[in-house]
Novice: 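Here it is, the structure in full.
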Amino acid sequence: MKSKAYTLTLDQVEGELSSLGNSIDTAGLVLNLIYRSRHKSFEQFTQLSKKASEHFQNNFGYELPKVIRRQDSTDGTVKLLLGLEDGESVESVLLPFYKKYTLCVSSQVGCAMNCKFCFTATQGFKRNLKAHEIIGQVMKAKEILKEMGEKRDIANVVFMGQGEPLHNFDALKEAIHILTEPKGLGLGKRSITVSTSGYLPGLERFEELGGVNLALSLHSTRDDVRSKLIPINNRYPLDSVLEQINRLKRHERQTVEYEYLLINDLNDSKDDAKDLARVLMERTHMINIIPFNPFPGSIFERPKPERVEEFKQWLVEEGARVMVRKTKGDDILAACGQLKS
Ligand code: SAH
C-alpha cells in the first residue's frame, strides 16, 4: 500500500530526492505541491524529473479520510464525521471566527481517560490515531472550505476533539512537526493548542513539542472533586501537574490556559471561585470557563447564565484573568465534550 503524501516532511522529501539522484532544491516545491496546491497527482508537477515524479506517484497517495456525515450548525460551525481506513471514525469541528477558522481535531478514536462529563468517554478507548490521520483531518477540512467557496482558511488548530493528545505523544509530535513546516502547512507554533486532562507522562515531554500552547483541563482545585470528574487525577494529582507546568520553559509556562468546566451545584460556588483564584494567582494565567454542554445520557447540569456571569465576577474580584468560552455548534452536538464517533 502507498504511504500518505501528507506525512512527508522536508527532510524526508530531501532524502527521497537525493536517493533518486535529484537535486534537493525542489524539495520545498514538492512540499508546496502536497500541502498547499492540492494537485491530485505528482505527474502534474513539471518541475520534477520524470523519474522523481514517477517515484512519488508510485509510492505516495493522496487519499484523505472520507466524510461519513457532515452537519452544519446555524452558527456556521461545521462538524465532520470522518471515516478512517480500518472502518473507525473520528470527528473534527470547523469553528468560524471573524477572519479565520479554527479546526478542532481528534487525537484518538475514543479516549482512555474516562472523564465523567465527556461524551467521548462513553465510547471507551479504541486506538491512537497515526500522524497522517491527524493531518488528514486538517487537509480534509481545508478541502471542504474550498468546496464551500470559503475565502477564510484554517489559522488555528486545537487538539480538543476526541482523545487525550498527550496520551498519543509520538503521533502528536509528528503531526505538529508537519503542521508547522514553513514550506508545508506553515502554521505557527502559537497557532496550535494542545489541551490535556493532566496526563503527567505527556506533560513531562511537553517541551519536545517546540513551544505550542498548552491548555489544562482543571475543573476543580479540590482533589476529591477533580478525581471524581477526571479519574486520572487519582494517579496524577493536580499538585504534581501544576509542579510539572512550573518546570516548563518560561514562555510555555506563562501562556497556559486553564479550562474550567462549570457544572451546576458541583464546582460553581463562591468558595470554588476563590480557591481557583488562589491556586492560579502566583502564575501567569488565563482561565477559560466552559459552561457544561449536555449530551444524551449526561448526569450533570449546565449552570444558568447568571451563575456563569457571577462565577466570572467572583474570579475578577480576586484579580484573576478570566473569559467565558462561547458555546459553538451545540445544536449539532459539536461543542466541547459532545463528540462521539
Ligand atoms: N482530552 C483533552 C482534550 C479534549 S476536551 C482534555 O481533557 O483537555 C476539550 C475540553 O472540553 C476539555 O477542557 C474538556 O474538559 C472539555 N469538556 C469535556 N466534556 C465537556 C462537556 N460536556 N461540556 C463542556 N466541556 C467539556
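Quick caveat, the model's predicted, so the values are computed rather than measured. Numbers for residues simply follow the sequence, beginning at 1. Both ligands and their constituent atoms are indexed starting at 1 by order of listing.
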Novice: Among all protein heavy atoms in this structure, tell me which lies nearest to atom 10 (C) of ligand 1, with the distance rounded to 0.1 Å.
Specialist: Glu259 OE2, 3.8 Å
Novice: Side chains of Thr77 and Asp75: donor-acceptor distance under 3.5 Å anywhere?
Specialist: yes
Novice: Report the member of Cys111, Ser195, Ser217, Gly163 with the shortest heavy-atom distance to atom 13 (O) of ligand 1.
Specialist: Ser217
Novice: Cys336 heavy atoms, cut-off 4.0 Å: which ligand 1 atoms fall inside?
Specialist: 11 (O), 20 (C), 21 (C), 22 (N), 23 (N), 24 (C), 25 (N), 26 (C)
Novice: If the plane angle is over 60° it's perpendicular, under 30° parallel, otherwise tilted; pick one for Phe56 and Phe60.
Specialist: tilted
Novice: For ligand 1, note which part of Met160 has a heavy atom under 4.0 Å away: side chain, backbone, both or neither.
Specialist: both
Novice: Within the 4.0 Å heavy-atom shell around Gly161, which atoms of ligand 1 are there?
Specialist: 4 (C)
Novice: Under 4.0 Å between a side-chain nitrogen and a carboxylate oxygen: does that hold for Glu150 and Arg152?
Specialist: yes
Novice: Determine whether the side chain, the backbone, both or neither of Leu216 has a heavy atom under 4.0 Å from any heavy atom of ligand 1.
Specialist: neither
Novice: Do Glu181 and Tyr35 have side-chain atoms, one donor and one acceptor, less than 3.5 Å apart?
Specialist: no
Novice: Which protein non-hydrogen atom lies closest to atom 19 (N) of ligand 1, naming both residue and atom, and how far is it?
Specialist: Gly337 CA, 3.0 Å
Novice: Among all the protein's non-hydrogen atoms, which is closest to atom 24 (C) of ligand 1, and how far away is it?
Specialist: Leu261 CD1, 3.2 Å
Novice: Report, in ascending order of atom number, the atoms of ligand 1 lying under 4.0 Å from any heavy atom of Ser197.
Specialist: 6 (C), 7 (O), 8 (O)
Novice: Quick one: which ligand 1 atoms are inside 4.0 Å of a heavy atom on Ile290?
Specialist: 13 (O), 24 (C), 25 (N)
Novice: Inspect the contact between Lys274 and Asp271 and indicate whether a charged nitrogen and a carboxylate oxygen are less than 4.0 angstrom apart.
Specialist: no
Novice: Name the closest protein heavy atom to atom 23 (N) of ligand 1, giving the residue it belongs to and the distance to 0.1 Å.
Specialist: Asn293 N, 2.9 Å
Novice: Which bit of His219 is near ligand 1, meaning a heavy atom under 4.0 Å away: side chain, backbone, both or neither?
Specialist: side chain
Novice: When you compare the side chains of Asn168 and Ser107, does any donor N or O come within less than 3.5 Å of an acceptor on the partner?
Specialist: no
Novice: Any side-chain donor paired with an acceptor under 3.5 Å for Asn246 and Arg283?
Specialist: yes
Novice: Does the side chain of Glu257 pick up a donor-acceptor pair with the side chain of Thr193 at under 3.5 Å?
Specialist: no
Novice: Is there a donor in the side chain of Glu164 and an acceptor in the side chain of Ser197, or the other way round, less than 3.5 Å apart?
Specialist: yes
Novice: Under 4.0 Å from any heavy atom of Glu164, which atoms of ligand 1 are there?
Specialist: 1 (N), 2 (C)
